[in-house]
Number of protein chains: 2
Amino acid sequence: MKHDKNITIADVAKHAGISKSTVSQYLNKRFEYMGEETKQRIRESIAALGYSPNVLARSLKQKKTFTIGMIVANILHGFSTQVIRTVEDACNEQDIHVIVCNTDEDPKKEQKYVQMLEAKQVDGFIIFPAGDNEELYRELLDKDIPLVFVDRIVPDLPVSTVLTDNEQAADMAVDHFVRCGHGKIGLAVPPLKRVMTPRSERLSGFQKAMKNRGLEDSGMFIFEQPLAGMADYLAAAFQKEDKPTALLASNDLTFIEVLQFCRQEGIEIGRDVSIISIDDMPLAGVYNPAITSIEQPASVIGEKAAELLFEQMNGGREQTPAVHRFSPVFLERDSVKAP
Amino acid sequence: MKHDKNITIADVAKHAGISKSTVSQYLNKRFEYMGEETKQRIRESIAALGYSPNVLARSLKQKKTFTIGMIVANILHGFSTQVIRTVEDACNEQDIHVIVCNTDEDPKKEQKYVQMLEAKQVDGFIIFPAGDNEELYRELLDKDIPLVFVDRIVPDLPVSTVLTDNEQAADMAVDHFVRCGHGKIGLAVPPLKRVMTPRSERLSGFQKAMKNRGLEDSGMFIFEQPLAGMADYLAAAFQKEDKPTALLASNDLTFIEVLQFCRQEGIEIGRDVSIISIDDMPLAGVYNPAITSIEQPASVIGEKAAELLFEQMNGGREQTPAVHRFSPVFLERDSVKAP
DNA sequence: TTGTAGGCGTTATCAC
DNA sequence: GTGATAACGCCTACAA
């Protein structure tokens with residue numbers, strides 16, 4: 001029955017008794033000088049044949065695919081997911097598609113994905129850099145391919161980057177702890193292999209904030225440990241006499257480990273230790289007690305990234321690349337009490 | 001400087017002093033009869049020119065894009081996200097890309113996305129049907145476009161569908177409640193507009209399970225309410241004398257409302273009311289108390305969906321379409337106590 | 001206003 | 001073993 005004979009613009013033209021170009025004009029809405037009757041015929045033929053244009057052929061000709069590539073380093077972070085969603089929304093408004101790839105922090109994977117997407121002729125990239133791929137990024141720049149970084153800064157590269165003001169996030173937390181009377185404050189953070197902007201900035205922001213309050217000597221505790229061992233590591237640290245009364249989790253994944261630690265040690269949040277989490281997880285607000293969190297402005301970041309990318313894609317004189325930092329949002333809840 | 005003169009297969013051929021066809025052979029690894037020297041020359045030229053093939057042109061010719069479309073009805077559900085991830089992993093292994101679209105349960109959006117992706121010549125679709133688009137799906141079938149449904153069943157359509165055994169999920173919960181001594185059990189569920197398989201099956205599964213245990217008369221409470229009003233609705237219901245001692249949240253979004261309800265009413269989970277959630281959220285296991293959950297087998301579902309789709313794409317005699325149900329996983333934790 | 005012809009970058013079919 | 005040549009489906013001068 002159905003011979004999958006793909007119907008093309010030629011079929012429509014034949015059916016309507018006119019030429020391919022005219023149909024093409026119609027499809028591209030250039031019907032300024034087109035006869036009403038012609039339009040009508042074309043419309044009918046398209047409907048009759050169930051024609052739908054082949055974007056591939058169009059893209060090949062126009063050198064535009066209306067697709068962008070988005071490469072995230074770690075999709076397990078809620079933050080990544082939220083940024084992805086916002087970018088997708090922004091793109092869908094302009095009928096642009098997004099192909100998302102997850103590198104798991106692996107530069108090799110990142111390279112592979114960039115090349116695949118390039119081969120696919122995507123119109124631009126939004127990348128959460130996995131790091132250590134400077135040459136790869138430079139090639140993209142050399143080829144004038146629109147590019148925006150999110151979440152992490154790659155030094156010495158003229159690429160617009162948009163991220164949370166991570167030092168501010170750490171400062172907000174320390175500030176709140178101190179206001180509530182805490183003098184011994186800990187930071188739980190995964191190891192800083194490579195340059196991971198958020199991690200290192202949250203750490204440096206924490207250190208600065210503590211120093212500014214004269215707490216950097218005896219009041220500062222830094223628990224740097226891989227996630228897998230974090231709970232046990234904290235448990236050991238909290239056996240000691242000299243331990244913090246407040247604990248800042250540097251991101252959502254770390255926060256889960258902190259909760260795990262509290263559970264297994266029978267530590268009551270609020271009473272035994274005060275907690276703040278950078279990143280606001282879905283259940284944080286209804287946790288027991290509700291967890292005071294510092295939320296990254298994911299949607300603002302996603303929107304800005306998309307906007308910067310679109311500017312480059314529309315060839316308009318692109319602004320000079322810059323780093324755009326956005327303030328996190330402090331969500332005061334019930335997990336911080338006086339010590 | 002850099003003239004963005006795209007280098008093509010022709011440039012490579014010229015540079016190597018051979019013909020396009022030979023280069024093409026090389027690229028497609030058909031070098032059974034190719035001289036070692038020729039290969040060498042091609043390799044060098046490719047490197048020298050920094051050539052990378054244009055997948056678009058290849059796709060146009062081969063009528064294959066190595067890209068599939070994935071359309072989810074509600075990306076806010078953790079389940080959707082997890083299935084997406086698994087599918088992406090499975091695809092990446094075969095160098096297939098995935099374009100994800102979110103319909104927000106809107107059939108119109110679904111239609112638009114399907115058409116856009118079709119125009120992009122994707123090789124297949126994995127769809128969480130928003131419902132009420134039977135004709136659209138039928139067109140895909142008529143065109144022999146590979147298609148798999150996930151999470152929801154569309155009646156009378158010969159399409160392979162893979163989902164959680166939702167009735168079993170409800171039964172597991174009821175069973176556990178009853179074993180723990182509960183005789184009055186409630187179900188919190190969003191309204192059943194349209195045919196939403198999981199919702200309706202969890203409801204019917206709940207009813208059957210209650211009936212089987214002789215609890216359908218005085219022991220069964222069904223709280224059907226939009227998410228926005230769920231917490232208040234539950235609050236009102238729990239003011240009454242006749243109320244359940246156990247409550248089943250029919251999915252993750254509902255579960256959040258249930259927790260919200262507990263917080264605002266000062267209800268202690270475990271002591272005042274026992275809770276089970278269908279869908280296991282990231283923090284459920286470290287909640288206080290840890291929440292007994294019934295986890296959907298998202299990764300199994302994603303893998304199966306990908307597998308079924310690949311089968312169709314590889315044209316191999318596809319199995320007759322069937323509904324594949326997978327058992328959920330019962331995660332016993334601390335939110336269910338004797339009443 | 002509409003039609004003709006050539007090309008976008010690859011691959012496929014045959015000759016050579 | 002390698003190389004012309006014709007598609008793939010569409011767009012775009014330019015001609016009519």
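First the proteins, then the strands, lettered A, B, ... as listed; each starts at 1.
- The salt bridge (Lys or Arg N to Asp or Glu O under 4.0 Å) analysis of residues 113-130 of chain B, with sequence neighbours excluded, yields the pairs B:Glu118-B:Lys143.
- A:Gln40 places its CD atom 14 Å from the P atom of C:dT2, with the value rounded to the nearest Å.
- Checked against B:Ile127 for a side chain to side chain contact (heavy atoms under 4.5 Å, CB included), the options B:Val148, B:Val114, B:Val150 give a single hit: B:Val114.
- Without hydrogens or angle criteria, A:Thr22 side chain to A:Ile18 main chain gives no donor-acceptor distance under 3.5 Å.
- In this structure, A:Thr38 reaches the sugar-phosphate backbone alone: every heavy-atom distance under 4.0 Å involves primed, P, OP1 or OP2 atoms, never a base.
- D:dG9 atom C1' lies 6 Å from atom CG of B:Leu60, rounded to whole Å.
- For the pair B:Lys63 NZ and C:dA12 P, the interatomic distance rounds to 12 Å; values are reported in whole Å.
- In this entry the distance linking CZ of B:Arg41 with C1' of D:dG1 reads 13 Å, nearest Å.
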Trace of the ring pair (Phe, Tyr, Trp, His ring centres under 6.0 Å) decision for A:Phe149 with A:Phe128: CA-CA 6 Å; A:Phe149 285 147; A:Phe128 289 57; over 10 Å; no

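- Atom-to-atom, CD of A:Glu36 to C1' of C:dT2 comes out at 16 Å; the value is rounded to the nearest Å.
- OP1 and OP2 of D:dT2 both lie 4.0 Å or more from every side-chain N or O belonging to B:Thr22.
- Side-chain nitrogen and oxygen atoms of A:Tyr51 include at least one within less than 4.0 Å of the OP1 or OP2 phosphate oxygen of D:dC10.
- A cation-pi arrangement is not found for A:Lys109 relative to A:Tyr113, the charged atom failing to lie both closer than 6.0 Å to the ring centre and inside a 45° cone about the ring normal.
- Using a 4.0 Å heavy-atom distance criterion, B:Ile18 is classed as a sugar-phosphate-only contact.
- Heavy-atom nearest nucleotides on DNA chain D were determined for B:Gly35 and for A:Ala10, and the one closer to the 5' end corresponds to B:Gly35.
- In this structure, A:Asn54 places its CG atom 13 Å from C1' of C:dC8, rounding to the nearest Å.
- Salt-bridge formation is not detected for the pair A:Arg41/A:Glu44: no Lys NZ or Arg NE/NH1/NH2 atom is positioned less than 4.0 Å from an Asp or Glu carboxylate oxygen.
- For the pair A:Leu56 CG and C:dT11 P, the interatomic distance rounds to 13 Å; values are reported in whole Å.
- In this structure, CD of B:Glu37 is placed 12 Å from C1' of D:dG1, rounded to the nearest angstrom.
- One finds no salt bridge joining B:Arg138 and B:Glu135 here, because no Lys/Arg side-chain nitrogen approaches an Asp/Glu carboxylate oxygen to under 4.0 Å.
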task: Let me have a per-nucleotide readout for nucleotides 11-16 of chain D, 5' to 3', with B, S or -, counting only protein heavy atoms under 4.0 Å.
output: BB----

